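Remember, predicted model here, so these are calculated numbers, not experimental data.
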Amino acid sequence: MAILARAGADALRAHLAGLPALPPHTRLRGPEIGLVMLRGRMGGDGAPFNLSEATATRCTVEMEGRMGHATVLGRDLAQAELAAAIDAALQSPALRGPLLDHVIEPLAEAQAEARDRTARRAEATRVQFFTMATMR
Amino acid sequence: MYVSVKGGETAIGHAHAWLAEARRGDPALPELTVAQIEEQLALAVDRVMAEGACADRGLAALALKQARGDSTEAAFLLRAYRTTLPRFGYTLPVDTGAMAIQRRISSTYKDLPGGQVLGPTFDYTHRLLDFALAAEGLDPPPPAEAEQGAQRMPQVTEILAQEGLMAPDAPSNAEPPDLTREPLAFPANRALRLQAMARGDEGFLLSLGYSTQRGYGNAHPFVGEIRMGEVSVEIEPPELGFAIDIGDMVVTECQMVNQFVGNAEAPPQFTRGYGLVVGQNERKAMAMALVDRALRAPELGEEATAPAQSPEFVLYHCDNVESTGFVEHLKLPHYVDFQSELEKIRAIRARWFAERTE
Amino acid sequence: MTPGFDNPVLGAQSSFRAMLHALSHPGRIIRLADLPAAPAPLAPAAGAAALAMCDADTLLWHDAGEQAAAWLRFHTGAPWGAPREARFAIATGAPPPLAGFCLGSDEAPQDGATLLLQVAGLEAAAGWLLTGPGIQHETALCVTGLPPGFVAERAALGALFPRGLDIILCADALIAALPRTTSIRERA
């Protein structure tokens, strides 16, 4: 779900394109846009407090008797519905393997690569202090 | 008091049409897209998002476009829009310790685990106008990338807490009050104060934070740490019964470290002020941390005399949507009020002149 | 799990409008147009009313069993609450003592609960004669399937006015409202 939540509808469609179409699903709830209240902790580690609301989109579908659920930050209705459908399909033993190979793993790799690039950029701005110990 | 008056509809219609044209500006120039605003006026977008208390960069960019760049008006638009959406629930508290760091600095320790990571900052720029930006220039070269990514960075306050030099924030999972559900009431606990400031006006908090440094509220703060980057957001939908990760959110966090002389119960140690803001907004996170610490004066047994130490003063005035509402309502017709004032002043003047001629 | 309204926004709005209409004209029978596939024993009208009115901020009491509980929780987000604290209540069978519901306070009588009470049938025919605000002369309403003693038990709450309980009778797709201000006279 963490991986689907970070992939837009276009990316999900692109990765699904190489697979046979998913079985049809019915919408049980949504896709609908709403709000979640983000929480932080005082001092980073103390008691929780309410920070700000954020938009989120959720969808619950039924596919061949299996429920699929997705909640994702943002307002991408198609992303939430596709993510819910994929969540349901992942519970099917026949569909799970191909979905992991063609959708989840490539997306996970791309996301890890993007995270790593940010981390390497940050590291490049780390200050390298010169020691002054030998100066007189 | 104000009364409703009719008759302005045509004028209002014409004013709105002119406003729409003024917003668009010279049609010979290409129109800004919302995506351009989101990407290229990113800090303005983040400010609107924080003050609108609705974290959604696309909506904040749209609000800025509609508001012609007026950030308070844009925050107002965002606040109005959020009321049309259902509340799905509360997230788990975000773990800023596990943040994917873009920037992290400390002014208390030079060498700290993870180091000083500058990130995309204005600090160290020369504040010289860059006329190359006025000419449509070339894309900037890509920033440098290290071989290895930045390592996990412990929070500075953890380091101080390990030595017992930092007053801990008691770990707790007490359900915090929510300003969007219950109106502001006093006494306001720290959770409520932090929520109000997180959505408060940056300029107001900046001025108050500054006032604590200049002697209005005895503060001697150090920046223990500022960090900015993505945190993952998790919710626990009741129908699932377990937590799911719903995406990343950029936040800016500031830990201010302040002296505390100690009292009968607590030994002398450092105390902290805390600032947390959605988006990239270091100035606001710092100001919020200063004011948070100032507002803690009573609980730490300090004398509260300055504006920044008064919860009523800070919280009643930090919300710019509320402030602008009450200030700008003075534009509404007050004809009847003013008529009574006129009559009163005429009567008093008549008496004044009568007394002088006697 | 079955879906809620076909169109959540329009379904909630039309149900809200129907309930407003019903409460403005006590005893008048209103047919709800948008009905969700509410699981038994929930009547479709009670399901529609709950979807329109309840959310995460309203405690909901009901006696409709586990399947309906999951459906209500899923579509409305409303947490379950005891009769004393619930803002909305759904009774598919004989309700608990009416005086045991939240009746509001003299300062905030609007906090009184709304009870969706399922009955076997509603008919604009001889049975009760209703009078009170919203009724010009009298409204006739025939209700079948109510627990014995209901009218007397409800009338006893009248002494507490402005505190009280507003009741919406639900039968299949029909609703009829009995706000706390309506008096019921039973025809002999």
Side-chain angles (χ1 to χ4, degrees), chain A residues 1-7 28-30 32-58 60 67 69-76 79-80 83 87 111-112 114-129 131, chain B residues 50 53-56 59 82 85-94 96-97 100-102 110-111 115-119 143-146 148-150 155 157 169-174 176 178 180 190-191 194-195 198-199 233 235 237 239-240 244-249 253 255 272 274 276 278:
Chain A
M1 188 49 61
I3 291 155
L4 296 175
R6 287 167 174 76
L28 293 181
R29 184 181 67 192
E32 55 182 344
I33 299 171
L35 296 167
V36 292
M37 176 59 91
L38 288 172
R39 282 185 168 167
R41 286 190 183 278
M42 297 175 196
D45 53 6
F49 69 96
N50 292 308
L51 174 65
S52 167
E53 284 170 316
T55 53
T57 306
R58 70 179 177 187
T60 304
M67 297 252 283
H69 178 86
T71 304
V72 298
L73 282 177
R75 288 167 291 125
D76 190 341
Q79 178 197 6
D87 181 49
Q111 290 168 13
R115 259 197 307 275
D116 188 52
R117 188 169 61 240
T118 304
R120 282 185 280 116
R121 285 182 174 188
E123 182 65 12
T125 66
R126 181 152 78 96
V127 180
Q128 308 287 340
F129 288 105
T131 174
Chain B
C54 180
D56 185 315
L59 287 178
R82 66 155 282 281
L85 296 176
R87 168 75 70 81
F88 292 160
Y90 293 88
T91 74
L92 303 181
V94 294
T96 51
I101 297 280
Q102 293 178 32
K110 179 167 70 71
D111 296 306
Q116 309 270 358
V117 173
L118 303 182
E145 289 177 16
Q148 291 281 317
Q155 281 161 317
T157 46
D169 277 315
S172 149
N173 280 315
D178 185 352
T180 66
R190 190 168 174 219
L194 288 171
Q195 185 184 10
R199 56 167 49 203
V233 178
I235 60 165
E239 58 271 19
L240 294 182
I244 57 170
D245 185 332
I246 62 170
D248 291 318
M249 176 72 61
E253 181 188 53
Q255 305 262 11
R272 50 185 154 177
Y274 187 64
L276 184 65
V278 291

Using modelled atom types and a 3.5 Å cut-off, is there a donor and acceptor pairing between side-chain atoms of [X] and backbone atoms of [Y]?
X	Y	value
B:Gln102	A:Ala122	no
B:Arg82	A:Leu35	no
B:Thr91	A:Arg39	yes

Chain A interface, residue from [options] that has the most non-hydrogen pairs under 4.5 Å:
options	answer
B:Met249, B:Gln155, B:Gln195	B:Gln195
B:Gly89, B:Ala198, B:Gly119	B:Gly89
B:Ser172, B:Ala50, B:Pro237	B:Ser172
B:Gly115, B:Gly247, B:Ala100	B:Gly247

As an exercise, state the distance from [atom1] of [X] to [atom2] of [Y], rounded to the nearest 0.5 Å.
X	Y	atom1	atom2	value
A:Glu123	B:Gln148	CD	CD	8.5 Å
A:Arg6	B:Asp245	CZ	CG	4.0 Å
A:Arg41	B:Asn173	CZ	CG	4.5 Å
A:Leu38	B:Leu92	CG	CG	11.0 Å
A:Met42	B:Tyr274	CE	OH	10.5 Å
B:Ile244	A:His69	CD1	NE2	4.5 Å

With a 4.5 angstrom heavy-atom cut-off, which part of [X] approaches chain A: side chain, backbone, both or neither?
X	answer
B:Ala174	backbone
B:Leu276	both
B:Gln116	both

Discussion item. Can you tell whether the side chains of A:Asp45 and B:Arg272 come within less than 4.0 Å, N to carboxylate O?
Written reply: yes
Worksheet item: Can you name the side-chain hydrogen bond (donor to acceptor under 3.5 Å, both in side chains) partners of B:Asp56, sequence neighbours left out?
Response: A:Thr55, A:Arg75
Item to complete: Work out which heavy atom in A:Ile33 is nearest to a heavy atom in B:Phe88; give both atom names and the distance.
Response: C-CZ, 3.8 Å
Among the listed options [options], the residue most often paired with chain B at heavy-atom distances under 4.5 Å:
options	answer
A:Ala47, A:Pro48, A:Ala54	A:Pro48
A:Arg115, A:Gln128, A:Glu32, A:Met67	A:Glu32
A:Thr118, A:Leu51, A:Leu4, A:Ile3	A:Leu51

Practice prompt. Just jot down the salt bridge (Lys or Arg N to Asp or Glu O under 4.0 Å) partners of B:Arg190, sequence neighbours excluded, or say none.
Written response: B:Asp169, B:Asp292
